[in-house]
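Per chain, numbering begins at 1; letters A, B, ... match sequence-line order. Below, each value reflects all heavy atoms present in this structure, side chains not excepted, and no hydrogens, waters or symmetry copies.
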Protein chains: 2
Amino acid sequence: MSAESGLRMLVVDDEPQIRKALGINLRARGYEVELAATGEEGLRLAAEQPVDLALVDLGLPGIDGIEVVRGLRGWSEMPIIVLSVRESERDKVEALDAGADDYVTKPFGMGELLARIRAVTRRAAGRDEALPVVMAGELVIDLADRTVTAAARPVSLTPIEWRLLEVLARHPGKLVTQRQLLQQVWGPAYERESNYLRVHFANIRRKLEPVPAQPRHVITEPGIGYRFQL
Amino acid sequence: MSAESGLRMLVVDDEPQIRKALGINLRARGYEVELAATGEEGLRLAAEQPVDLALVDLGLPGIDGIEVVRGLRGWSEMPIIVLSVRESERDKVEALDAGADDYVTKPFGMGELLARIRAVTRRAAGRDEALPVVMAGELVIDLADRTVTAAARPVSLTPIEWRLLEVLARHPGKLVTQRQLLQQVWGPAYERESNYLRVHFANIRRKLEPVPAQPRHVITEPGIGYRFQL
DNA sequence: CGGAGGCGTCAAGAAGCCGATAAGGCCGCT
DNA sequence: AGCGGCCTTATCGGCTTCTTGACGCCTCCG
């Protein structure tokens, strides 16, 4: 489970050595890190440029960490992990009910913190699972919804037709060999049945090419395979 | 933040007094609780009727708690909280990376556990509930109130009919496979019973499609699954 | 010039899937 | 005990889809 690079993280803690240690460890994992010593500064940094996750200490000078959590929750649903030396149940309940996703008591191991970061980001990330929509001329292929429209009209494809088109559309412009197509759709035992491809691609072209005899998007590469032309 | 009643919770722990204490406290908060003493029993209970949250002890006779977490994650994204006497960082990292959402070391305070339950369910609930009310033509589906009206008339659905429609309506326009539907409504043990879907969707269409023979919103994708068309 | 291989087209048969219907069992309610 | 709603299970007809074989066209190459 590798760290996802590019994620912006905000660390709010008044102890310099904690800030420094977190900054070093998180940056080493490929995260982008913003450091804040006070709650006010943390809220300001988060407002200026949104962050993907916040680590907030409870004992802060000025406004308390719990207020930072409430402030962030007021406008964002980013994952928030509270770090604190306070071990009382009352503090934990208050922080979690204020909107924190997790509560870690200091001192903590860096490995545990990183694992908890992975846990909360994993759940937050699963929200919008990368759904590519391939558009080519009058064709729109929505890989997430599993729909195809040609000239603004919905096209209904059979299971095999869809899977063939899906394999091509996942790599627009790239050449896909017959063997790859047969293996992906029918399985390894059908690698030589290239006649399957001819009849099914004929049906696909009939459904979504304006002139099936002169295909513009589903292109045959003789002797090799097929390609989806944008 | 009050406890949402009706949430089904699964408790997997081999210590009888822990099971009893959790059962009493959770039921007092309005949760519905299933108790299991072994990992096998826990997985079986979850498979028979899906649960909304799982509390899993690590030290179990038979298969280990970590395997229970992996087994649940294999087919469900339900929140999972691990309870354990083990305090080592290695155990925590392993459990969290296996898919657990939180890790609580025994002994723990009931208030803290309840707060952590609220935290993970809050995030899991907020995931799809962006659209509590789905409208499609003459149909209005209120996911929060669990009510359906067709042409301004209230429609009464059976429990299974509602859950099927709910799974579809949570992702309008998106194709949901038969396997996903069967898993979500009946559990992973019923992945092959696609005849269930035919019978129940026939009843659903009879109740809320103007012309059941030509459905406009509950669409069948032959060989694949079903789709809720807006 | 002629043959071979690859490709597109068509059609027929078989297999699979869906919708409809109804009977039987389980459970809760009266 | 009786009743009714709900889920499961089985069967049947109709339709779609996949497979399979045959045929003609094209290009490439000997």
May I have the list of side-chain donor-acceptor pairs in residues 134-151 of chain B shorter than 3.5 Å, sequence neighbours left out?
{"unit_1": "B/Asp142", "atom_1": "OD1", "unit_2": "B/Ala144", "atom_2": "N", "d": "3.0"}
{"unit_1": "B/Asp142", "atom_1": "OD1", "unit_2": "B/Asp145", "atom_2": "N", "d": "3.0"}

Validation: residues 190-203 of chain A side-chain donor-acceptor distances under 3.5 Å, sequence neighbours left out:
{"unit_1": "A/Asn203", "atom_1": "OD1", "unit_2": "A/Arg206", "atom_2": "NH1", "d": "3.2"}
{"unit_1": "A/Asn203", "atom_1": "ND2", "unit_2": "A/Val199", "atom_2": "O", "d": "3.3"}

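Note: A/Leu208 CG to A/Arg153 CZ = 14.0 Å, rounded to the nearest 0.5 Å. Note: B/Glu221 CD to A/Thr158 OG1 = 11.0 Å, rounded to the nearest 0.5 Å. B/Glu77 contributes atom CD, which lies 10.0 Å from atom CG of B/Asp101 (distance to the nearest 0.5 angstrom). With rounding to the nearest 0.5 Å, the separation of CG in A/Leu181 from OH in A/Tyr226 is 8.5 Å. A distance of 7.5 Å separates CZ of B/Arg205 from CD1 of B/Ile219, quoted to the nearest 0.5 Å. Here the CG atom belonging to A/Leu72 is positioned 6.5 Å from the CH2 atom belonging to A/Trp75, to the nearest 0.5 angstrom.
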Give me the distances for all protein-to-nucleotides 3-7 of chain D N/O pairs that come in under 3.5 Å?
{"unit_1": "D/dC7", "atom_1": "OP1", "unit_2": "B/Thr158", "atom_2": "OG1", "d": "3.4"}
{"unit_1": "D/dC7", "atom_1": "OP1", "unit_2": "B/Ile160", "atom_2": "N", "d": "3.2"}
{"unit_1": "D/dC7", "atom_1": "OP2", "unit_2": "B/Thr158", "atom_2": "OG1", "d": "2.8"}

Do any N or O atoms of the protein come closer than 3.5 Å to N or O atoms of nucleotides 23-29 of chain C, and which pairs are they?
none

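If you measure from atom CG of B/Leu182 to atom P of D/dT8, you get 10 Å, rounded to the nearest angstrom.
Legend: residues meeting side chain to side chain donor-acceptor pair (under 3.5 Å) with B/Asp57, ordered by chain and number and at least two apart, are B/Lys106.
Residues A/Leu53 and A/Thr121 are in side-chain contact: their nearest non-hydrogen atoms beyond the backbone lie under 4.5 Å apart.
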*Between protein and nucleotides 3-22 of chain C, map the contacts as a letter string: B base, S sugar-phosphate only, - none, heavy atoms under 4.0 Å, written 5' to 3'.*
---SBBSS------SBB-B-

